[in-house]
Amino acid sequence: MSTQLSAAVTAPDIASPTRGEPLSVIGVRKRYGDFTAIDSVSLDVPAGALLTLLGPSGCGKSTLLRLIAGFVTADEGRVTLGQRDVLGVAPHRRDTAMVFQSYALFPHMDVLTNVMFGLKMRRVPAAEARKRALEALEMVRLSALAQRYPAQLSGGQQQRAALARALVTQPKVLLLDEPFGALDKSLRDQMQVELRKLQRAVGVTTICVTHDQQEAMAISDRIAVMNAGRIEQCGAPADIYDRPATRFVAQFIGTSNTVTGTLAAMEGQRGVLNLPDGGRLSVSGIAERRVGDAVDVTIRPGAIRLAAAGTARTGVQSGSHLVGRIALAMNLGDKVTYEVESHGLRLTVDAPRHAGEPVFPEGALVELSIAVADCMVLRA
């Protein structure tokens, strides 16, 4: 069977359709000797939502996922599923199902038997288990391969078989540990779309672990960015990208210019920063800061507008206007990425490119316009 995308992924009419429940992690802490893997983490996942735990290797995201599954025991805190506290409940009694990066399919069993395995362990009668397993395979478009063995499947097909095995038990929460890590990029992109469609059709609350920011942005309702055992920020993908709360989030999610200036003046939530070499930057969202304080600001490369130095300023009516010099220009087809030296800073700027428009050469003087709303003050 081809791993190309179907026109649509829909859940069949199964006898007991999977429906998710809300999950909460409350003040959870996990230590290994002197090392704190999870440090007072709290998290709420609405019923039916897909939340991604995103962060670099070693940040604690897989430990948190396994703690939710019951494979790791917390030292402090609670985990609730619906109205039930499940922290002391055995993994197979938590109404959760987990898909591992390796898929963990039994090589000596065909696909259908693999999918039936969880139902057999729950003592579901053989005829009912077979019926439900076939329905699950239909859901992931693997019915035609039910008699094949894992070694006879492609990577994408193995992943779908593992998803069918997880979903057939009708879990309240589906846990995915780096589900696309073993796939090449083109197949990974396809499977992200398939997983998202399937998760929405089934309605199961889902928590996914990844270190791939693009993947998290593509599949998630919410993203929790983790660093050193803590959640730095949790929110909708657009909010995480547009309004990063900390320097770590700004630099980990996408490309960002992080600027440190000295607060020169402020009025309410609005202020002016002095830059290292004489420039001034207008910002909003200033809170609990005083004149003279160092303030960190992040600016996305696509938010900076370039024009030839000395030309009329248009488009940005309220904001900052800086002068700089092009240090590097990279023509990427649909856009040009520049590095611009300005007032002691080296800023990355992404400018859309249209056919016939000239590219600023290296060494050219330019004017940079930045709207106040695009200068995001980071948490102190």
Does [X] share a hydrophobic cluster with [Y], counting links as ILVMFWY side-chain heavy atoms below 4.5 Å and allowing steps through other members?
X    : Y    : value
V140 : F117 : no
V297 : V340 : yes
V45  : I68  : yes
L195 : V173 : no
L65  : I231 : yes

Going by heavy atoms in the side chains, are [X] and [Y] under 4.5 Å from each other?
X    : Y    : value
L54  : M226 : no
L87  : L67  : yes
L176 : V209 : no
L273 : V283 : yes
V349 : P301 : no
E232 : F252 : no
L51  : C234 : yes
E178 : H211 : yes

Quick one: closest heavy-atom pair of [X] and [Y], and the distance?
X    : Y    : answer
T96  : P91  : OG1-O, 4.1 Å
A329 : V359 : CB-CG1, 4.3 Å
C208 : I219 : SG-CD1, 4.0 Å
P171 : V204 : O-CG2, 3.5 Å
L368 : V323 : CD1-C, 4.0 Å
T52  : S220 : OG1-OG, 2.5 Å

Keeping the roles fixed (side chain from [X], backbone from [Y]), state whether a donor-acceptor pair exists under 3.5 Å.
X    : Y    : value
R141 : E138 : yes
R94  : V86  : yes
Q157 : S154 : yes
T262 : A294 : no
N114 : M109 : yes
N257 : T348 : yes
D221 : L50  : yes
Q152 : Y149 : yes
D293 : R290 : yes

Is there a donor-acceptor contact under 3.5 Å linking the side chains of [X] and [Y]?
X    : Y    : answer
D85  : T80  : no
T246 : R379 : no
Q199 : R196 : yes
D39  : T36  : no
E215 : T210 : yes

At what distance, to the nearest 0.5 angstrom, does [atom1] of [X] lie from [atom2] of [Y]?
X    : Y    : atom1 : atom2 : result
Y338 : L328 : OH    : CG    : 10.5 Å
E362 : E339 : CD    : CD    : 9.5 Å
N227 : K61  : CG    : NZ    : 10.5 Å
T205 : L81  : OG1   : CG    : 7.5 Å
L174 : T206 : CG    : OG1   : 4.5 Å
Q147 : L112 : CD    : CG    : 6.0 Å

Check: Checking side-chain contact (heavy atoms from CB on, under 4.5 Å) for the pair R66/M98: CA distance, chi angles, key distance, verdict?
Finding: CA-CA 9 Å; R66 290 168 181 267; M98 191 160 179; 4.0 Å; yes
Note to self: Applying side-chain contact (heavy atoms from CB on, under 4.5 Å) to E367 and H321, what does each step give before you reach the verdict?
What the structure shows: CA-CA 7 Å; E367 185 175 285; H321 301 277; 4.1 Å; yes
Salt-bridge criterion met for [X] and [Y] (N-O under 4.0 Å):
X    : Y    : result
R29  : D75  : no
R222 : D44  : no
R300 : D350 : no
E76  : R31  : yes
E341 : R325 : no

Next item on the list: Might you confirm whether atom CD of Q269 has over 12 heavy atoms from other residues, nucleotides or ligands at distances under 6.0 Å?
Entry: yes
Next item on the list: Flag yes if more than 12 heavy atoms outside R353 fall under 6.0 Å of its CZ atom; otherwise flag no.
Entry: yes
Item checked: For S256, all residues meeting side-chain hydrogen bond (donor to acceptor under 3.5 Å, both in side chains), sequence neighbours excluded -> T298
Notebook entry, point to check: Going through the checks in order, is the side-chain contact (heavy atoms from CB on, under 4.5 Å) test met by R130 and L119?
Noted result: CA-CA 9 Å; R130 179 181 176 83; L119 299 177; over 6 Å; no
Next item on the list: Could you go through the side-chain contact (heavy atoms from CB on, under 4.5 Å) check for L198 and R160 one step at a time?
Entry: CA-CA 10 Å; L198 179 62; R160 288 189 298 200; over 6 Å; no
Notebook entry, point to check: Does the cation-pi check pass for R165 over F106, that is, NZ or CZ under 6.0 Å from the six-membered ring centre and within 45° of its axis?
Noted result: yes
